[in-house]
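Comments concern the structure below.
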Amino acid sequence: MEKDNSGKPKPVILTCAQPTGSLTLGNYLGAIRNWSEMLDEHECYFGIVDLHAITTPSQPAVLRQNVFECIAQYIACGLDPQKCHQFVQSHVMGHTELAWVLTCNTPIGELQRMTQFKDKAAKLGFKVSENTGNDDLKFEHQGARAQASINAGLLCYPVLMAADILLYNADLVPVGEDQRQHLELCRDLAQRFNHQYSETFTIPEPYVPKTGARIMSLADPTRKMSKSDENERATLYILDEPDRIRKKIGSAVTDSGSEIKAVSDKPGVLNLLTIYSSLSGKPIPEIEEHFLGKGYGELKSELSEIIAESLEPVRAKYKDLIQDKAYLKSVLAEGADAAQKRAYKILSKVYRKVGFPERAK
Ligand code: TYM
């Protein structure tokens with residue numbers, strides 16, 4: 001247990017990201033940049049969730065490499081290994097074990113209602129029935145591809161995520177807006193378990209930043225910016241070179257008219273202003289005033305430079321770190337040890353409460 005200067009235990013933070021290649025500007029602004037500002041006041045555990053990554057089709061060699069790229073990006077974004085524990089989910093025994101216990105306490109209907117499950121299933125060619133009143137899985141096939149690629153892991157994804165959090169009795173979970181529903185489920189599962197088996201889990205609080213919690217696609221600003229977008233102009237990656245940034249921002253979809261105003265019927269401009277504000281630290285009204293009488297072109301070219309400049313130190317640090325696999329491995333080994341220590345205590349308690357007999361020594 002880590003303590004603050006007055007000797008009080010620091011609140012515990014747990015949060016994770018999937019190792020799917022380069023992190024996006026959405027991951028950075030909605031999540032990782034904020035994590036790095038919380039290191040001093042909290043005991044921090046940051047996971048790279050490779051078990052989650054296999055819920056959608058993945059290739060072993062690519063997954064292995066992505067884990068290294070992800071840890072190098074975590075550190076490059078400011079997650080100082082001296083101040084937090086960074087680990088790979090599959091290195092810590094307990095995530096899948098707790099997930100199983102929680103799965104046995106989760107009605108299927110609650111999982112079917114998860115927006116991300118419906119979205120991902122739809123991408124794989126399934127339509128999930130809106131009839132969530134009963135627990136029957138109702139999928140309509142929309143092509144042969146769907147049958148081949150949907151798996152139970154995708155449905156159980158949020159339970160594994162709940163296990164990630166509850167296994168550390170985390171007080172706070174910093175995430176972007178898209179994870180709010182999963183967090184609600186996690187809180188429900190914790191409360192249900194506590195009610196059924198007596199007080200065991202801390203009920204975690206979500207921490208969603210005020211600006212940048214939902215960065216939208218550059219190609220379709222009504223949709224979230226996502227790593228898996230097929231349109232390569234839709235997503236900015238934190239490792240994109242300045243030229244790419246200029247091209248992507250230059251071709252970002254804006255709205256009819258020419259006024260630079262953050263209003264809901266101008267989702268394209270609103271998104272660009274949100275990114276501008278998150279990176280510059282300036283409030284949106286001040287930015288609107290700055291662009292009074294100017295056009296979208298000026299907004300885009302200034303924003304491109306701000307993004308390129310803000311990400312330059314991240315890119316430079318990443319290039320060094322990714323060469324040093326031994327160092328990255330040592331960070332992950334420390335992280336796994338610290339995480340395992342904490343996870344083991346909580347998992348043992350859960351096993352006892354559920355009624356699993358203790359093994360003779
Ligand atoms: P993942 O890998 O999709 O995203 C990692 C973090 O980035 C945030 N994020 C965004 N924020 C703002 N705008 C966007 N466009 C955007 N896209 C992503 C996410 O909200 C997240 O905070 N299920 C999780 C991983 C996970 C997890 C956990 C998170 C597994 N176990 C336990 C917290 C606690 C996910 O897929 O995140």
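Residue indices begin at 1 and follow the sequence shown. Since this is a predicted model, take the numbers as computed values, not measurements. Each ligand, and each atom within it, is numbered from 1 in the order the structure gives.
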- Measure up the Y276 and F291 rings against each other and bin them: parallel (under 30°), tilted (30 to 60°), perpendicular (over 60°). perpendicular

- Ring centers of Y237, Y318 separated by less than 6.0 Å: no

- Query: Transitive ILVMFWY cluster of I54 at side-chain heavy atoms under 4.5 Å: who else is in it?
  - Reply: L63

- Message: So if I only count non-hydrogen atoms and take anything under 4.0 Å from ligand 1, which residues does that give, chain by chain?
- Response: L14, T15, C16, A17, Q18, G26, N27, G30, A31, V49, H52, Y157, M161, D164, I165, V173, V175, G176, D178, Q179, G212, A213, R214, I215, K224, M225, K227

- Task: Give a yes/no verdict on a cation-pi contact between K353 and F193, requiring under 6.0 Å between NZ or CZ and the six-membered ring centre and an angle within 45° of the axis.
- Result: no

- Taking only residues two or more places apart in sequence, or in another chain, which ones meet S251 in a side-chain hydrogen bond (donor to acceptor under 3.5 Å, both in side chains)? R233

- Task: Name all pairs fulfilling the salt bridge (charged side-chain N to carboxylate O under 4.0 Å, His left out) condition that reach into residues 258-279, sequence neighbours left out, sorted by first residue then second.
- Result: K261-E288

